[in-house]
**Student:** 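The structure is given below, and queries will be raised subsequently.
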Amino acid sequence: MSVFDSIRRSGFRRGPSRLLAGICGGIAAKLGVSPLIVRIVTLLLFLLPVVGWGLYLVLWVVTPNQSGSIPLERWLGRR
């Protein structure tokens, strides 16, 4: 079993309410809150460049989309 399979089993997915990469929409869906609230918090985190941008980029490459495909896994040629 790989790390990517563990990520998929967590149930967290990008979207379905997406503007850019779908991270905020996925967080909102998982937490049961409005995507607008998550987007505002994310924009505030972007004021701290390393924390905001870095965390967002890490989440983007390791978070599966709605079909279960993980960008980092595709880039590594594992799927």
Side-chain angles (χ1 to χ4, degrees):
M1 183 174 315
S2 74
V3 172
F4 298 112
D5 292 332
S6 299
I7 293 170
R8 276 189 204 84
R9 279 197 319 276
S10 73
F12 181 71
R13 298 277 189 265
R14 286 188 276 143
S17 174
R18 45 188 308 172
L19 289 179
L20 293 174
I23 299 299
C24 293
I27 292 171
K30 184 72 173 176
L31 297 178
V33 298
S34 167
L36 180 62
I37 293 170
V38 177
R39 288 179 182 125
I40 290 170
V41 170
T42 301
L43 288 174
L44 292 174
L45 283 174
F46 281 173
L47 296 174
L48 305 168
V50 174
V51 175
W53 290 101
L55 182 60
Y56 193 87
L57 289 173
V58 168
L59 286 174
W60 179 73
V61 298
V62 299
T63 303
N65 60 23
Q66 294 295 313
S67 68
S69 174
I70 299 173
L72 180 61
E73 184 179 34
R74 282 192 323 249
W75 297 337
L76 294 174
R78 298 198 177 161
R79 196 171 249 213

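Since the structure is predicted, the reported quantities are computational estimates derived from the model, not experimental observations.
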**Student:** Are Val61 and Leu57 close enough that some pair of their side-chain heavy atoms sits under 4.5 Å apart?
**Tutor:**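 A side-chain contact under 4.5 Å is absent here.
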**Student:** Are Ile27 and Leu43 connected into the same hydrophobic cluster when the rule is that any two of I, L, V, M, F, W, Y join if their side-chain heavy atoms are below 4.5 Å apart?
**Tutor:** yes
**Student:** To the nearest 0.5 Å, tell me how far Leu76 CG sits from Ile70 CD1.
**Tutor:** 10.5 Å
**Student:** Any chain of hydrophobic side-chain contacts (each under 4.5 Å) joining Phe46 to Val38?
**Tutor:**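 In one cluster with Phe46: Val38, yes.
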